[in-house]
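To start, the structure under review is shown below, and the notes come after it.
Quick caveat, the model's predicted, so the values are computed rather than measured.
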Amino acid sequence: KGATVAQVPVAEGKSLQQTVELLTRRLELLGADKQGPFCVDCETYHTAAATMGAQGQTGKLMYVMHNSEYPLSCFALFENGPCLIADANFDVLMVKLKGFFQNAKANKIESRGTRYQYCDFLVKVGTVTMGPSARGIAVEVEYCPCVVANDCWNVLMEFMQSFMGSHAPGIPSVFGTKHDSIYSPADTMVQYMELFNKIRKQQQVPVAGIR
């Protein structure tokens, strides 16, 4: 299964919620079937000060992620590093490791929304929230029959243009590094991690134009 995750900008003159509704309406007009909710979440852990030594090293960040598509798994990702796929007990382990890794609770971020099936495509349109505030829109499109990422990019691109128009994304970097190897769920999680980090760094959208 090759998948791509992209941020969609808020449509001009529309709110974030109205933009989400616009995208889902387009999908429904294409004939996509609604298939219930989905959620992808990400918590940030940083190396606890006690383990850092006195050299003033910068702490390592680790992202612990869950995806409702894989309810029995937990994904642990390091920035520019490996992605570890563990079972759901990993969360319990992280609590026990709090002397080494501290949870930056304020940084918890998630994408939540509706899952759609259209022919061989699985589409998830999510509102990205951090704390109480909505910060952006994430769209994930998966082409189910394909296992080699690069083989399915053109098909994905064509389909995304049908409902995202000019906001269809460029090829994800993970596709470039995979070449002809098999696409895995970890590749999707890496894309979510990159998207969440990008959204975290963006300025919050002012609610009522107050600067």
Side-chain angles (χ1 to χ4, degrees), residues 1-10 15-17 19-21 23-24 27 34-48 59-98 100-117 122-142 169 172-174 183-205:
K1 296 175 175 188
T4 181
V5 179
Q7 185 180 4
V8 178
V10 173
S15 70
L16 194 138
Q17 197 46 47
T19 307
V20 168
E21 283 161 14
L23 285 166
T24 54
L27 280 167
K34 220 179 203 175
Q35 293 205 317
F38 81 91
C39 179
V40 176
D41 67 53
C42 174
E43 292 190 77
T44 307
Y45 288 83
H46 50 83
T47 326
K60 258 195 174 341
L61 291 178
M62 180 168 79
Y63 302 97
V64 176
M65 303 180 71
H66 305 90
N67 185 338
S68 55
E69 204 68 26
Y70 310 103
L72 301 177
S73 300
C74 178
F75 300 82
L77 295 87
F78 288 92
E79 256 180 327
N80 314 317
C83 173
L84 173 77
I85 304 178
D87 65 24
N89 292 331
F90 191 77
D91 293 310
V92 179
L93 178 67
M94 288 311 292
V95 172
K96 291 183 174 159
L97 288 177
K98 62 176 183 278
F100 299 95
F101 286 103
Q102 286 168 349
N103 187 338
K105 284 194 168 53
N107 271 346
K108 182 167 181 176
I109 188 167
E110 63 178 27
S111 176
R112 195 180 277 276
T114 310
R115 205 171 169 275
Y116 288 87
Q117 180 89 37
L122 188 59
V123 185
K124 297 170 190 168
V125 180
T127 301
V128 178
T129 53
M130 195 169 159
S133 59
R135 300 291 290 266
I137 301 163
V139 172
E140 177 193 339
V141 180
E142 187 177 299
S173 56
V174 68
Y183 188 91
S184 78
D187 297 318
T188 301
M189 299 312 278
V190 167
Q191 292 184 66
Y192 269 109
M193 177 188 79
E194 289 170 353
L195 180 83
F196 286 160
N197 282 343
K198 191 174 110 186
I199 288 176
R200 265 196 201 100
K201 292 181 180 115
Q202 286 165 356
Q203 285 303 303
Q204 221 167 319
V205 187

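Residues V125 and L23 share a closest heavy-atom pair of CG1-CD1, 4.2 Å. Among all heavy-atom pairs drawn from T4 and P172, the shortest one is OG1-CG, 3.3 Å. The shortest heavy-atom contact between A3 and Q191 is O-NE2, 2.9 Å. The minimum heavy-atom distance between L84 and F90, with the atom names listed, is CD2-CE1, 3.9 Å.
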TODO: Please test Q7 against V128 for side chain to side chain contact (heavy atoms under 4.5 Å, CB included), starting from the C-alpha separation and ending with a verdict.
DONE: CA-CA 9 Å; Q7 185 180 4; V128 178; over 6 Å; no
- [ ] Just do the side chain to side chain contact (heavy atoms under 4.5 Å, CB included) check on Y183 and T188 with the steps written out, would you?
- [x] CA-CA 9 Å; Y183 188 91; T188 301; 2.9 Å; yes
Task: side chain to side chain contact (heavy atoms under 4.5 Å, CB included) evaluation trace for N197 with Y63 - done: CA-CA 10 Å; N197 282 343; Y63 302 97; 3.3 Å; yes
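Looking at residues two or more places apart in sequence or on another chain, you find a ring pair (Phe, Tyr, Trp, His ring centres under 6.0 Å) between Y192 and F196. The side chain to side chain donor-acceptor pair (under 3.5 Å) check on S111 picks up nothing, with sequence neighbours excluded. Take Q35 and apply the side chain to side chain donor-acceptor pair (under 3.5 Å) test, not counting sequence neighbours, and it matches R115. Applying the side-chain contact (heavy atoms from CB on, under 4.5 Å) rule to A88 yields no partners; only residues at least two apart in sequence or on another chain are considered. Partners of T44 under the side chain to side chain donor-acceptor pair (under 3.5 Å) rule, at least two apart in sequence or in another chain, are R200. Under the rule for a side chain to side chain donor-acceptor pair (under 3.5 Å), the partners of D41 that lie at least two apart in sequence or sit in another chain are H66. Under the side-chain contact (heavy atoms from CB on, under 4.5 Å) criterion, V190 pairs with L77, E194, sequence neighbours left out. Annotation: side-chain contact (heavy atoms from CB on, under 4.5 Å) contacts of S73 (sequence neighbours excluded): Y70, F75, I85. Looking at residues two or more places apart in sequence or on another chain, you find a side-chain contact (heavy atoms from CB on, under 4.5 Å) between T129 and E110, T127, A134.
Annotation: the span from K201 atom NZ to I199 atom CD1 amounts to 11.5 Å, rounded to 0.5 Å. Note that the CD atom of Q102 and the CE atom of M94 stand 10.5 Å from one another [nearest 0.5 Å]. K124 NZ to Y116 OH: the interatomic distance, rounded to the nearest 0.5 Å, is 14.0 Å. Interatomic distance, S15 OG to E21 CD, rounded to the nearest 0.5 Å: 7.0 Å.
Screening N103, N107, I109 for a side chain to side chain contact (heavy atoms under 4.5 Å, CB included) with E43, the sole residue that qualifies is N103.
Taking the side chain as every heavy atom from C-beta outward, L16 and R135 never approach each other to under 4.5 Å. Residues D91 and C74 are in side-chain contact: their nearest non-hydrogen atoms beyond the backbone lie under 4.5 Å apart.
Y45 places no side-chain N or O within donor-acceptor distance of the main-chain N or O of F100, the cut-off being under 3.5 Å. The main-chain N or O of G136 is never found under 3.5 Å from a side-chain atom of Q202 such that the two would form a donor-acceptor pair.
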